[in-house]
Structures are given as structure tokens and as C-alpha cells.
2 protein chains.
Amino acid sequence: MSRTDAHDAHDRLAQVLRPVRAGNGFEEALEQVLQVMRLGLVPTGGRLPAERDLAHRLGISRVTLREVLKVLQEQGLVEARRGRYGGTFVLPRAEAAGGDALRRRVADVDIEDLLRFREVLEVGAAELCAAHRLSGERAGRLREALARTHDAPLADYRRRDTLLHLTLAELSGSPTLTAQYAGARARVNDLLDCIPLLVRNLEHSQRQHTALVEAVLDGDAEAARAAMREHCAGTAALLRGFLA
Amino acid sequence: MSRTDAHDAHDRLAQVLRPVRAGNGFEEALEQVLQVMRLGLVPTGGRLPAERDLAHRLGISRVTLREVLKVLQEQGLVEARRGRYGGTFVLPRAEAAGGDALRRRVADVDIEDLLRFREVLEVGAAELCAAHRLSGERAGRLREALARTHDAPLADYRRRDTLLHLTLAELSGSPTLTAQYAGARARVNDLLDCIPLLVRNLEHSQRQHTALVEAVLDGDAEAARAAMREHCAGTAALLRGFLA
DNA sequence: AAGCAAAGGTCTTCCGCCATACCTTATGGC
DNA sequence: GCCATAAGGTATGGCGGAAGACCTTTGCTT
């Protein structure tokens, strides 16, 4: 083994060998539940899965999950209701709520890393979808998701936007890609929560969405990729501008 | 919340809420160490990081790591040497060794998912690298990695090929992308280990590598993307052909 | 030849998390 | 109006894994 080889290998080990569990099980579970809320998969007022179910899905014990939910309750993010048809419900975000936690999370995000990774996933998903030529039912889901962003009240725009992109990721046909995108998008949403929502950007975004969906449905991979790249570049520029 | 909305959310929760720890810490650590070996980051005869160091990097205790290493020793994959300048060394693969484990791992891989995800990452990395216009030192690393695949003995080709692609991923400037690619590539290598290595494919692969690197160094994003997509499609077709 | 340093090998203590069972509350159906 | 049911709330015992100190081996350095 040459010297260069050894050097390369050493550097790479550092990149590949990552902690097998980021923090303890509790923290990871907390991140996941927060992710579900940040992605808007459970909207304000909606109910999270029952504790037993959720714990099972996350692969943790109910005791640990309840630790997580306790924290979320204390932060005023969710509310537990007892009795049949009870559950854990997502509360409307009380502005300041979680502000500290948010700022802390955002502080140690590598923004360039995130934006690049996100772009790669999104552009790739768009291209795959276009190349597949989405079948009727799937094309319908995409159109539906797009339409929902159009008649969205301002307060729900981010959520429906997220859902549109998530739909595209799903339709790419790679569950791994979907999961990775979900994680990346949750982090992007954290960043977006730190900057103002400008109506002008929103309109621009709408046009790009429309062009993107059309390209995908036309099976025009080139155009789909270009549209998505432009769309991502827009968000990226916005975030870099406000946060850099 | 409309019915459709609820339905979507339910389906998506299943995709996003994944077990917080796939198996126990031991199994995850085993996967990671195997990954390092499968990627060829530590070549045959090479030494893994010291136990204390490795355990620290993986975020597990030394006791647990030693469980992992014990298994690898029993499988004849590594050898422990005591004393100063001792360590855990990777043994030459004794053909049958790990064959069972390999077949088991391969059996429950979603091949389409993996190949799609891999293509997205690779194509994205190539495009990012081309768009960045690699600086001198970084361009040098890429050229170096390419040259190493050219004068590779057949037995070491897979490893150097992996290292070339890994270099490209690194140069994309997104650590997350690098890490994800490493994981995906380790799984791809598992699949490749199940099929014969054809010299004809290898030559073809070489030409594609050369074209790819040239495009990247030229800063021609279009060409880089096209070259990489073709390259991935080649491997994918090969794997689908042999394993489908 | 002595000894120091760096590695693997061993042991003990303690905490976190899991599994399980059971209690309490609220609602809709009979 | 009762009560079955589905949800959250509580308590207990057991085990896996983390932390850290220590022992043993070996080879280079002086």
C-alpha cells in the first residue's frame, strides 16, 4: 500500500464511519417525530399515530416514546387527549414555541451540504419521474398535489409545497430516495422557517412548479431536470442570502 | 382535513417513520465495518483503526465493537495482532468466506430502489463537480484516482473503481452525499460480487470513466451528467440481467 | 538489555431502554 | 344508561451496552 493510498483511506474512513446512533434513541425519535410535523405530514390539529403504534414504527419502547411526547407537550407543540378517540394532537404553532430549539438546530446545519444534497435528490427524482412516464393514477396524484398548492391559503403553502415535492420523490420509485428527501426537506423547512415568506417568491415558485409538473407528465426528462434545478437554485439563493 | 389528505398522510407516515435503529447497535456497527471493507477503504492486508479509535468513531463502546470484531475473526475476514504496531488486519478473502452472509444480504435488497438511488447520487455528484470547476489540487486527485484504475491488476479493479467514484462524490462538496453514496456503493458492490467480472465490460467502463473525468475537468456539466448516466445504466443493465 | 508506548484482552459498575402488565379516562353503540 | 373499546397514564423487572480502569503482549528506541 502506497503512502498516498494510506492517506486517502484514512481521510475517507472519517467520512464513512459515522456514529451508528446519532445521540441516544430518545433524541433520534424526537427528531423523527419533529420531522413528521415539520414536513406537515400531520397538519395542525391532526393526530399523531397512537403511542403504541408510533413506538412500534420507530422501533422504540413506549416508555421512551412517551419521554419524547412529554418534551413536545412541554414545548407546547402537541397536546394529549385521553379516552377513546383521544390521542396526541398537533397544536397551532405558538410563534415563539420551539424557537430556541429551532435556532439551535439551524445553527449547526451545514447549509451548503444540505442545499447541494437536496438539489441532487430533487433533480434526480424529477428526471426519474419524467423518464418513467407516469401512469394514469400516478400522474393524477402529481396533478392533485400541484393543484393543492394553487388554492393554498398562505399559512398552509409551505406544507402543500412540501407535499408536492414529497409526492414527486415517491413517484421516483425509490423508497430510499423518498426517505432521504424527507429528511433533507425537513431540515430545509427549518431553514425556511427562519426567513420571511415573500409573496413574490411564492408566485415565482408556483410558475416553476407548473412547468416542472408539465415536463414530468410530458416525459421530457431534460426539461424536468432543468425546471427543478432552477427551482432549487431559487430557494438556495434565498436561503444563502438570508442566512449566509 | 379532507379524506384524501388523511389517506396521503397515513401512507407517508409509513415511509418517513422508520425504525430509529435498524437492529441493535451491534448489527449496525457490523454493517459499517463490513462497509469499510467492501468499499476497499482498507485493502487486503491493511489495518483497521485501533479498537478504541474505531469504537469512538462509531459511537459505540469498545466492548460492543469487540463483539463485532470477534464475529469478523470467526468468519475469517480479519485477524487481530497484539503488541505495539498490532491491530486488526483485513485478510485476503477466502472465497467461500462470508458467502452465506453475502447471499443473505443480497437477498433482501430492493435492487431497483438501490440502482435508482445510486444513479441519482452519482449523476448529481458528477454534475456538481463539473459545475464547480475543480481547482488544481482537487482536479489532481480526480486524475490520480482515474489513473489508478487504469493500471489496476484485475483483482484490485473493483476497489479502485469504487475509490474513483468515491472521490467524485467527495469532490461534490456535500458530505451527506458522500456518506450516502458510500452506503449505496457498498450495497452495489455486494451485488457485483455475485456476478462475473467481464473484461469486455471492464474496458467499456474504462472508456466511460475517461470521458466522465474529462467532462468534469472541462466543467461541462451536460456531458458529465450524460457520461455518468450512461455508465450507471451499463452497470444497472448488467445487474438486472444477472439477478432479475 | 531495559523500558516505554501502543496495541489487543479482560473485568466491573452503572444507566438506559425494553417488555409487560395494569390503571384511568372518554366515547359511541346497544 | 351500561359497557366495550381505544386511547393515554403508571409501575416493575430484566438486560444490553457504555464507561473506565486495568492487564498482557510486542516491537522499537535508547
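Lettering of chains follows the sequences in order, A, B, ..., and the numbering in each one begins at 1. Computed over heavy atoms, backbone and side chain alike; hydrogens, waters and symmetry mates excluded.
Set against D/dG9, C/dG8, C/dC18, the side chain of B/Ala50 has C/dG8 as its closest nucleotide. If you check C/dT10, C/dT20, C/dC17 against the side chain of A/Val63, the one that comes closest is C/dT20. Set against D/dC22, D/dG17, D/dG8, the side chain of B/Thr64 has D/dG17 as its closest nucleotide. Set against C/dC11, C/dG8, C/dC17, the side chain of A/Phe26 has C/dC17 as its closest nucleotide. Distances were taken from every side-chain heavy atom of A/Ser61 (C-beta onward) to each of D/dG17, D/dG8, C/dC18; the shortest belongs to C/dC18. Among the nucleotides D/dC28, C/dG8, C/dT27, the one closest to the side chain of A/Tyr85 is C/dT27. Taking only side-chain atoms of B/Ile60, from C-beta outward, the nucleotide of D/dA18, D/dG8, C/dA7 with the closest atom is D/dA18.
Atom-to-atom, CG of B/Leu48 to C1' of C/dG8 comes out at 13 Å; the value is rounded to the nearest Å. If you measure from atom CZ of A/Arg52 to atom C1' of C/dC18, you get 15 Å, rounded to the nearest angstrom. Computed from coordinates, the A/Phe89 CZ to D/dA7 P distance equals 10 Å when rounded to whole Å. Atom CZ of B/Arg66 is separated from atom P of D/dG20 by 18 Å (rounded to the nearest Å). The separation between A/Arg57 atom CZ and C/dC18 atom P is 17 Å, rounded to whole Å. Between A/Leu65 atom CG and D/dG8 atom P the separation is 9 Å, expressed in whole Å. Atom CD of B/Glu51 is separated from atom P of D/dA19 by 15 Å (rounded to the nearest Å). Taking atom CG of residue B/Leu58 and atom C1' of nucleotide D/dA19, one finds them 16 Å apart after rounding to whole Å.
Using a cutoff of 4.0 Å between basic side-chain nitrogens and carboxylate oxygens, A/Glu170 and A/Arg141 are scored as salt-bridged. Contact check on B/Glu31 versus B/Arg38 returns a salt bridge, with a Lys/Arg side-chain nitrogen under 4.0 Å from an Asp/Glu carboxylate oxygen. Ion pair A/Asp190/A/Arg185 not flagged as a salt bridge, since none of the NZ, NE, NH1 or NH2 atoms sits closer than 4.0 Å to an Asp/Glu carboxylate oxygen.
Taking all atoms of both residues into account, the shortest heavy-atom contact from B/Leu197 to B/Arg158 is CD1-NH2, 3.8 Å.
Residue-level contact check: B/Arg81 touches the backbone only, with heavy atoms under 4.0 Å from sugar-phosphate atoms and none from bases.
A cation-pi arrangement is absent between B/Arg118 and B/Tyr181 under the rule of less than 6.0 angstrom and at most 45 degrees off the ring axis.
In terms of position on DNA chain D, the residue among B/Arg84 and A/Arg62 whose nearest nucleotide sits closer to the 5' end is A/Arg62.
Side-chain to base pairing of B/Arg82 with D/dT26: no donor and acceptor N or O lie closer than 3.5 Å to each other.
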